[in-house]
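Given the structure is predicted, the values throughout are model-derived calculations rather than measurements. In what follows, every heavy atom counts, from backbone to side chain, and hydrogens, waters and symmetry copies are set aside.
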Amino acid sequence: MVKRGSDESTADPFDTTVWRAVGDPLVGARARGPLDGTGVAVKDLFAVAGQPIGAGVPAWLAEQRPHTRSAPAVAALLDEGAHIVGIARTDEFAYSLAGTNAHYGTPPNPAAPRRVSGGSTNGPASAVALGQATAGLGTDTGGSIRVPASYQGLVGLRTTHGAIATDGVLPLAPSFDTVGWLTRDVRTSAAIARVLIADDEAEPPHRTVRLPAVESLASADVQDAFTSTVEKLTAAGKLPPAEPLELPLDLLERWVAAFRTVQAWEAWQVHGPWIAAHPGALGADVAARFTQASEVGEEQAAAAREAAAEARERIRGWLLGSVLVIPSASGPAPARDASEERMGAARDTTLKMTCLAGLAGAPALSLPLLRSADGAPVGLCLLGAPGTDHGLLTLAAGMEF
């Protein structure tokens, strides 16, 4: 049976939509430390000694050999007392935000059972929400930690770009790929951060930044819940005084287009040759995304990198001494039987929110502070200046949820 995190679960201990491999534990702790008893679900992009990387693609997995050593992030957790419960599912090559893998199915979302789990760190998120792991180790390129955290009512941290080595982690778009994790509470997330991230060097925030243009992308009920929650937190002194900033929608559209283009270009450079040699290996939605990526030319990619650099400078300027608050997603998780059109619309509007952290290389923390009109969870996201990961967690620790 599965060695669980701090909670027991009545769910099937080997739900194959959640897990590729599990153990009791799968990999034991290598030493005693501050993470003693912490069971970790590892996204199937990380090298784990004795295991291959499957990346959510059966044809890819069939060609892989077990790794001889674990990725640095995995090794660091094991050295400080954590154990690995198992290897958890991901969307194909992590190129999705939905959590609906065409080969392995959709992991459960216990916080909203008739809705999708969110991707691409979908397996680790479900394992944590089900109580089968204390923490889920994953990656975040365009929101793949924050979106499942938002959809499942979890705490999800995308770390400062480059703060944690990505050696031994299968890439998607290296300009934006980061290591992160999901937990059920801030305390556990902070304990993991103390193991994996150096101390903050940037100053703590003294103001809260709001972007009305970004907030307007959320559904009306989420906008109302977001505004009410931020006002309450600010009035109670749990967030610094708020200041709205103008972001023209045409500029935001330019930024998200640059993000998507750079992401697509890099994703095709990483995976394109294998995909071209394995027609039919991917589900229709991810295959279509990679087909579009294959059409991005060098000049288009170069122009997008310039636009992304401009966005990075602008956003980092806002974040100096500040915390930016936005919804973690444009709404609650779509229904499991939602149409492709509905899934695509949710992805497109959410990516306009989540791309800001990726463009800035900034840490972003999703907190389970909002609810939609029908009670489904939605996250409130804190973005800080690069190098303020611990500061975001300290700020979040003072918020009641």
Side-chain angles (χ1 to χ4, degrees), residues 1-7 9 13-14 18-55 61 64-90 94 121 123-128 130-140 144-145 154-160 162-171 177-199 389-390 393:
M1 65 181 291
V2 173
K3 184 170 182 176
R4 308 187 192 283
S6 58
D7 294 346
S9 169
F14 190 55
V18 177
W19 300 102
R20 179 172 69 76
V22 291
D24 190 20
L26 186 68
V27 181
R30 300 201 297 209
R32 298 293 301 274
L35 299 181
D36 283 356
T38 300
V40 182
V42 177
K43 186 177 186 176
D44 197 7
L45 296 182
F46 287 78
V48 174
Q51 294 285 331
I53 290 176
L61 174 62
Q64 306 308 304
R65 294 183 178 181
H67 286 263
T68 57
R69 63 176 61 185
S70 296
V74 173
L77 295 175
L78 295 173
D79 286 343
E80 296 299 328
H83 60 272
I84 297 175
V85 177
I87 310 299
R89 297 295 188 192
T90 178
T121 310
S126 291
V128 172
L130 288 165
Q132 295 185 347
T134 311
L137 182 68
T139 60
D140 188 308
S144 292
I145 291 283
L154 299 171
V155 175
L157 177 66
R158 169 202 168 91
T159 60
T160 295
I164 300 173
T166 54
D167 300 351
V169 183
L170 191 69
D177 294 345
T178 58
V179 174
W181 52 88
L182 303 106
T183 61
R184 292 186 293 278
D185 56 72
V186 173
R187 178 185 58 79
T188 303
S189 187
I192 294 171
R194 287 191 290 272
V195 167
L196 294 182
I197 308 175
D199 292 339
D389 307 69
H390 294 285
L393 289 163

### Minimum heavy-atom distance Ala29-Gly81, with the two atoms named
CB-O, 3.4 Å

### Query
How long is the gap from CG on Leu196 to CD1 on Ile164, to the nearest 0.5 Å?
4.5 Å

### Message
Restricting to side-chain hydrogen bond (donor to acceptor under 3.5 Å, both in side chains), what partner residues turn up for Thr166, sequence neighbours left out?
### Response
none

### Thr90 side-chain N/O to Ala55 backbone N/O, donor-acceptor pair under 3.5 Å
no

### Task
Among residues two or more places apart or on two chains, list those pairs meeting salt bridge (charged side-chain N to carboxylate O under 4.0 Å, His left out) that have a residue in residues 42-52.
Arg20-Asp44

### Query
Below 4.5 Å, heavy atoms only, C-beta onward: do Thr134 and Thr188 meet side chain to side chain?
yes

### Query
Should His83 and Val40 count as side-chain neighbours, where that means a heavy-atom distance under 4.5 Å?
no

### Task
Applying side-chain hydrogen bond (donor to acceptor under 3.5 Å, both in side chains), name anything that partners Ser144, two or more places apart in sequence or on another chain.
Ser120

### Summary
For Leu137 and Ala73 the tightest heavy-atom approach is CD2-CB, 4.5 Å

### Message
Tell me the closest heavy-atom pair linking Ser189 and Thr183, and the distance in Å.
### Response
CB-OG1, 3.6 Å

### Message
As an exercise, state the distance from CH2 of Trp181 to OG1 of Thr159, rounded to the nearest 0.5 Å.
### Response
6.0 Å

### Query
Excluding sequence neighbours, so at least two apart, what forms side-chain contact (heavy atoms from CB on, under 4.5 Å) with Val27?
Val48, Leu78, Ile84

### Message
Please check: side-chain N/O of Asp389 versus main-chain N/O of Thr160, any donor-acceptor pairing under 3.5 Å?
### Response
yes

### Query
In Å and rounded to the nearest 0.5 Å, what is the CD1 to CD distance from Ile53 to Gln64?
7.5 Å

#### Entry: Contacts of Ala41 that satisfy side-chain contact (heavy atoms from CB on, under 4.5 Å) - sequence neighbours left out
Trp19, Ala88, Pro124, Ala127, Ala133

### Query
Can you find a pair of side-chain heavy atoms, one from Val155 and one from Val186, that are under 4.5 Å apart?
yes

### Message
Under the rule for side-chain hydrogen bond (donor to acceptor under 3.5 Å, both in side chains), what residues qualify as partners of Arg32, not counting sequence neighbours?
### Response
Asp36

### With Arg69 via side-chain contact (heavy atoms from CB on, under 4.5 Å) - residues at least two apart
none

### Task
Find the distance between CD1 (Ile197) and NE2 (His390) and round it off to the nearest 0.5 Å.
5.0 Å

#### Entry: Residues forming a side-chain hydrogen bond (donor to acceptor under 3.5 Å, both in side chains) with Thr178, sequence neighbours excluded
none

### Task
Please name all residues satisfying side-chain contact (heavy atoms from CB on, under 4.5 Å) with Ala191, sequence neighbours left out, ordered by chain then number.
Leu35, Arg194

### Message
Do Phe46 and Ile87 have side chains that approach each other closer than 4.5 Å (heavy atoms only, starting at C-beta)?
### Response
no

### Query
Which atoms form the tightest heavy-atom contact between Leu182 and Ile145, and what is the distance?
CD2-O, 3.6 Å

### Message
Quick check: do Gln51 and Val42 have side-chain heavy atoms less than 4.5 Å from each other?
### Response
no

### Query
How far does CD1 of Ile192 sit from CG of Leu157, to the nearest 0.5 angstrom?
9.5 Å

### Task
Mind checking salt bridge (charged side-chain N to carboxylate O under 4.0 Å, His left out) for Arg89 and listing every partner two or more places apart, or none if nothing turns up?
none

